[in-house]
Amino acid sequence: MVTKAAFVPMVRLVPVALAVALAAPAVGTDEATAATATATAAEASGAAGTAGAAAGGRARPGPEGGGADSDGGADARLPGTPQLTGTTVTAHRGGAKEVPENSMQGLAATFRRGYARVLDTDIRQLRDGTLVAMHDATLDRTTDKHGKVSALDWNDWQDVRITPQRGLPGHWRPERPPSVREILERFGGKGLLMLELKDPAGLPRLARLIRERHLSHSVLVESNDPQVAERAHTRGLLTAVWRSARQMAEDRPERWKPYVTMLSVDHETADRHVRKAVRSGITYVWSHTVNSRADRDRMLKLGCEGIVTDKPGSLAPAAARP
């Protein structure tokens with residue numbers, strides 16, 4: 001049975017200890033130890049407020065994550081979190097039309113405002129293996145530098161500065177894009193994070209960073225490739241897959257049910273293919289990138305339980321507003 005409840009804003013939930021903590025693997029080399037010492041000014045400022053856990057969902061979690069009406073999907077069912085009910089609002093790239101995308105100050109502002117129950121960011125790998133927040137393969141669009149992200153190492157990264165886009169509300173300063181380590185240390189365990197892995201080769205390192213911090217049940221690892229999700233699942237991680245409207249026309253998402261926790265369908269997907277996703281048995285079905293009320297309402301009416309949006313402050317349900 002589908003259980004719905006009123007949307008509860010992120011800041012009003014109480015963090016809950018993880019019910020299950022996967023054993024951490026042997027620790028290997030990771031980001032330079034300077035990562036923490038050189039955290040962004042936004043991180044040092046402590047701008048973020050308190051926060052809680054994630055939302056969305058079809059069944060009540062049991063003590064180990066399964067529910068009474070669980071049907072055996074990739075079901076950690078986000079154990080250790082409150083029941084995932086209501087409409088889940090995910091801040092795409094931190095809320096890219098309201099804050100500087102994939103920035104620490106942007107994530108902190110969205111986190112503090114509490115409209116979004118999930119913070120999303122994109123992850124790329126530097127030349128030395130360091131994982132950082134960045135959507136594009138190049139630096140040109142969002143920073144003051146040019147060239148490929150993968151051409152830089154962690155030392156080079158210290159000189160990169162995000163350039164806030166014109167037209168964003170508020171006042172923002174240039175800052176270095178954060179590393180995944182910094183994001184996990186800042187927000188880990190305080191709510192649900194979704195990290196879209198742009199470079200699949202970074203999966204072993206990402207899995208280690210998540211598991212070392214016992215965050216396996218509060219971080220979704222996202223990819224456009226279901227095979228990447230399957231590999232992440234075998235490492236004990238929660239997984240998310242996003243698909244375009246064209247891909248959904250050919251997809252058979254029920255095949256992914258054993259290893260995909262959340263499926264996000266393009267808001268331009270035809271109704272029949274959205275319904276196919278909703279009927280797939282995958283635990284959570286959301287829609288991206290939803291930036292209008294009309295698109296939000298349509299996708300929710302078709303059965304999606306959440307939206308991924310650049311505008312969480314505008315599109316969060318009224319009950320979510322602080």
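Along the sequence shown, residues carry numbers from 1.
Hydrophobic cluster membership is shared by W256 and V274, with clusters built from Ile, Leu, Val, Met, Phe, Trp and Tyr side chains linked at under 4.5 angstrom. Linking Ile, Leu, Val, Met, Phe, Trp and Tyr residues whenever their side-chain heavy atoms come within less than 4.5 Å places F187 and L209 in a single cluster. Under the 4.5 Å side-chain heavy-atom criterion for ILVMFWY residues, no single connected hydrophobic cluster contains both I162 and I183. Hydrophobic clustering (ILVMFWY, side-chain heavy atoms < 4.5 Å, transitive): W242 and L195 are in distinct clusters. Tracing side-chain contacts under 4.5 Å through hydrophobic residues (I, L, V, M, F, W, Y), one reaches V180 starting from I210; they form part of the same cluster.
The shortest side-chain heavy-atom distance between M299 and V265 falls under the 4.5 Å cut-off. R186 places none of its side-chain heavy atoms less than 4.5 Å from the side chain of L184. At least one side-chain heavy atom of Q247 sits under 4.5 Å from a side-chain heavy atom of N224. Under the 4.5 Å side-chain criterion, counting only non-hydrogen atoms from C-beta, N291 is in contact with K97. Counting heavy atoms from C-beta outward, R252 and S280 have side chains that stay 4.5 Å or more apart. Side-chain atoms of Q158 and D153, non-hydrogen and from C-beta on, never get closer than 4.5 Å to each other. Residues W286 and C304 are not in side-chain contact: their nearest non-hydrogen atoms beyond the backbone lie 4.5 Å or more apart. Contact annotation: the side chain of T163 never approaches that of T142 to less than 4.5 Å [non-hydrogen atoms, C-beta and beyond].
Smallest separation of non-hydrogen atoms from D128 and W154: OD2-N, 2.9 Å. Taking each heavy atom of L263 and P253 in turn, the nearest pair found is CD2-CB, 3.8 Å. The heavy-atom pair separating P100 from Q105 by the smallest distance is CG-NE2, 4.3 Å. L237 and V221 make their closest contact through CD1-CG2, 3.8 Å (heavy atoms, listed as atom of the first residue, atom of the second, distance). Nearest heavy atoms, P177 versus V160: CD-O, 3.7 Å. Closest heavy-atom contact between V290 and L315: O-CD1, 3.2 Å.
Between Y284 atom OH and T261 atom OG1 the span is 8.5 Å, to the nearest 0.5 Å. From L197, atom CG reaches atom CE of M194 across 13.0 Å, with rounding to the nearest 0.5 Å. With rounding to the nearest 0.5 angstrom, the CG atom of L131 is 8.0 Å from the CG atom of L126. Remark: R127 CZ to N155 CG distance equals 9.0 Å, nearest 0.5 Å. One finds the CZ atom of R173 at 9.0 Å from the OG atom of S103 (value rounded to the nearest 0.5 Å). To the nearest 0.5 angstrom, L193 atom CG is 11.0 Å from L238 atom CG.
Note: H233 and Y259 have tilted aromatic rings, judged against thresholds of 30 and 60 degrees for the angle between ring planes.
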- Query: Given D266 and M248, is the side-chain contact (heavy atoms from CB on, under 4.5 Å) satisfied, shown in steps?
  - Reply: CA-CA 8 Å; D266 191 323; M248 280 303 305; over 6 Å; no

- Item | Intermediate values then yes/no, side-chain contact (heavy atoms from CB on, under 4.5 Å), L220 and E196 | CA-CA 8 Å; L220 287 160; E196 183 180 345; over 6 Å; no

- Going through the checks in order, is the side-chain contact (heavy atoms from CB on, under 4.5 Å) test met by V89 and R117? CA-CA 6 Å; V89 176; R117 303 179 76 178; 5.5 Å; no

- Task: I would like to know whether E305 and M262 meet side-chain contact (heavy atoms from CB on, under 4.5 Å); could you show each step before the answer?
- Result: CA-CA 10 Å; E305 296 179 315; M262 186 280 287; over 6 Å; no

- Begin from the C-alpha positions of H92 and T309 and carry the test side chain to side chain donor-acceptor pair (under 3.5 Å) through to its verdict. CA-CA 5 Å; H92 183 236; T309 177; over 6 Å; no

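Side-chain atoms of T110 come within 3.5 Å of backbone atoms of G94 as a donor-acceptor pair (strictly under, hydrogens ignored). Side chain of N102 to backbone of T121: no donor-acceptor contact under 3.5 angstrom is found. Between the side chain of D144 and the main chain of R161, a donor-acceptor pair closer than 3.5 Å is present. In this structure a side-chain-to-backbone donor-acceptor pair under 3.5 Å is missing from D122 to M134. Side-chain atoms of K198 never come within 3.5 Å of backbone atoms of Q125 as a donor-acceptor pair (strictly under, hydrogens ignored).
In summary, the side chains of S264 and H288 do present a donor paired with an acceptor at a separation below 3.5 Å, with no hydrogens or angles considered.
Note on R213 versus E185: salt bridge recorded, some NZ/NE/NH1/NH2 to OD/OE distance being below 4.0 Å. Ion pairing between E182 and R176 holds under the 4.0 Å rule for side-chain N and carboxylate O. Under 4.0 Å is where a charged nitrogen must lie from a carboxylate oxygen, and between R298 and D271 at least one such pair does.
The salt bridge (charged side-chain N to carboxylate O under 4.0 Å, His left out) test with D136 is passed by exactly one of K148, R93, R141, R124: R141.
In this structure, Q227 places its CD atom where only 12 or fewer heavy-atom neighbours from other residues, nucleotides or ligands lie under 6.0 Å away.
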